[in-house]
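Following: one structure in structure tokens, then a few remarks.
Along the sequence shown, residues carry numbers from 1. Just so you know, these numbers use all the heavy atoms, side chains as well, and skip hydrogens, waters and symmetry mates. Remember, it's a predicted structure, so these values are computed and weren't measured experimentally.
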Amino acid sequence: MTEVSEDWLLNEAVRIFQPVKGYRAGLDAILLAAALPGKSAAQALEVGCGAGGALFPAAWRNRDMQFTGLEREAIMADLARRGVEANGFSDRVDILNTDLTSLGADWENKFDLVFSNPPYFEPGKIQTTTVERSHAYMADVPLKDWLKFMLFAAKPKGRITLIHRAGVLSEILSYLHSRSGQIEVFPIYPCPEEAAKRVIVTARKGLRKGEVVLHRGLCMHPAKGGAAYTETAEQVLKGAALHPLSDR
């Protein structure tokens, strides 16, 4: 039986139930949620929602949106449903326990916004291949297929937003360039002295190709090796939007 902890996100504004061992919601999920545009009465889909690390902060901040969380692992989907109830999101957040590769044509052009933190391997680090951890880090669905489904599920001119390793930015842009427009890249830096480790990429389905917009991005810490967050990062971790990506 999986041991579960009850934790809090956004300065104790959001509850989440997640396994004690294995993958747990972290900074990537909160940053992804903070980058989403606020759009009244929109239909939003998270692909691979896990226990709700990005889904719940997004639902908390965008209270006029209807959300669907797609999660293939039954254990994580059950924990996400538990979190939906605990946070009072039952009227506007649904959790579906299914895999993106098994979804049919009725999912095409369905959502105004599709967002995701796709699985990945971290180069140079050995990941523990336990049952609890492997689903979040093993990219057994290729990134291009993940992006393909996100665009498939988005409505024409709808927006997709994802966070991923900076090292795969060229792969992301290569796929999106001929299939979307208004592509924007928002780098996430550990500190001013280091290169970006994460990027948030957003694009709109089916629009004409144009120049990619590269934003200044966000530094998480004021100095290398420091535990303190920058003022902007601190506010985002408490629930603030991540400008300018959220300014839609």
Side-chain angles (χ1 to χ4, degrees), residues 4-19 22-71 73 76-96 111-120 136 150 159-164 184 186 188 197-202 215 217-220 229-248:
V4 174
S5 66
E6 178 183 2
D7 302 301
W8 296 86
L9 303 173
L10 306 187
N11 200 28
E12 299 191 355
V14 173
R15 296 166 69 185
I16 183 172
F17 301 91
Q18 53 188 342
Y23 178 76
R24 293 170 62 81
L27 291 175
D28 286 5
I30 295 174
L31 291 169
L32 174 62
L36 300 180
K39 186 176 180 181
S40 179
Q43 295 287 336
L45 169 71
E46 183 181 7
V47 185
C49 69
L55 186 64
F56 297 162
W60 176 82
R61 190 166 63 82
N62 299 288
R63 304 188 183 193
D64 292 327
M65 272 191 194
Q66 298 290 321
F67 289 88
T68 299
L70 191 65
E71 175 54 44
E73 300 293 330
M76 302 302 284
D78 286 343
L79 291 175
R81 293 188 184 103
R82 184 176 173 186
V84 168
E85 293 289 337
N87 286 293
F89 294 153
S90 299
D91 59 335
R92 56 191 182 89
V93 178
D94 292 320
I95 306 297
L96 298 182
F111 296 92
D112 303 285
L113 171 66
V114 181
F115 61 104
S116 184
N117 178 12
Y120 55 82
M150 292 179 72
R159 188 175 300 278
I160 72 166
T161 302
L162 70 152
I163 187 169
H164 214 295
E184 301 178 52
F186 193 91
I188 305 296
K197 297 295 180 65
R198 298 285 185 270
V199 286
I200 298 172
V201 182
T202 182
H215 293 284
L218 171 68
C219 277
M220 296 302 299
Y229 291 107
T230 61
E231 182 178 351
T232 302
E234 186 73 36
Q235 292 304 310
V236 169
L237 295 177
K238 292 179 179 179
L242 190 58
H243 305 295
L245 291 181
S246 60
D247 299 332
R248 297 291 190 275

| Value rounded to 0.5 Å, distance of CG in L55 from CD1 in I16 | 9.5 Å
| request: Keeping the roles fixed (side chain from N87, backbone from R15), state whether a donor-acceptor pair exists under 3.5 Å. | output: yes
| Non-hydrogen atoms of W60 and K238 that approach each other most closely | CH2-O, 4.3 Å
| message | Rounded at 0.5 Å granularity, tell me how far NZ in K197 sits from CG in D28. | response | 12.0 Å
| Which heavy atom of P118 sits nearest a heavy atom of L162, and at what distance? | CG-CD1, 4.2 Å
| request: Measure across A25 and G53 and return the closest heavy-atom pair with its distance rounded to 0.1 Å. | output: CB-CA, 3.7 Å
| query | Counting N and O atoms only, with roles assigned by atom type, does the side chain of E71 sit under 3.5 Å from a partner on the main chain of A80, one being a donor and the other an acceptor? | reply | no
| Rounded distance (nearest 0.5 Å) linking atom OH of Y229 with atom CG of L237 | 5.5 Å
| message | Distance check, rounded to the nearest 0.5 Å: T202 atom OG1 versus I160 atom CD1? | response | 7.5 Å
| field | For the student: nearest non-hydrogen atoms of F56 and V84, plus distance | value | CZ-N, 3.6 Å
| task | Could you tell me whether the side chain of R24 reaches within less than 4.5 Å of the side chain of P19, counting heavy atoms only? | result | no
| query | Got a second to check how far I163's CD1 is from L31's CG, nearest 0.5 Å? | reply | 5.0 Å
| request: Find out whether L27 and R198 are in side-chain contact, i.e. whether some heavy atom of one side chain is under 4.5 Å from a heavy atom of the other. | output: no
| query | What closest approach, in Å, do G52 and P57 show between heavy atoms, and which atom pair accounts for it? | reply | O-CD, 3.6 Å
| task | Would you name the heavy atoms of A233 and C219 that are closest together and state the gap between them? | result | CB-O, 4.1 Å
| message | In terms of relative ring orientation, are F67 and F115 parallel, tilted or perpendicular, with 30° and 60° separating the classes? | response | perpendicular
| field | Expected output: side-chain T68 to main-chain E46 donor-acceptor under 3.5 Å | value | no
| message | Quick check against the 3.5 Å criterion: does S116 have a side-chain atom that pairs as donor or acceptor with the backbone of V47? | response | yes
| query | With a 4.5 Å heavy-atom cut-off, do R92 and R63 have their side chains touching? | reply | yes
| Close side-chain approach of I200 to L218, heavy-atom, < 4.5 Å | no
| field | Residue pair V201, H164: steps toward the side chain to side chain contact (heavy atoms under 4.5 Å, CB included) verdict | value | CA-CA 8 Å; V201 182; H164 214 295; over 6 Å; no
| query | If only atom types and distance count, is the side chain of R61 paired as donor or acceptor with the main-chain N or O of L36 below 3.5 Å? | reply | yes
| request: To the nearest 0.5 angstrom, please state how far the CD atom of E6 sits from the CZ atom of R82. | output: 7.0 Å
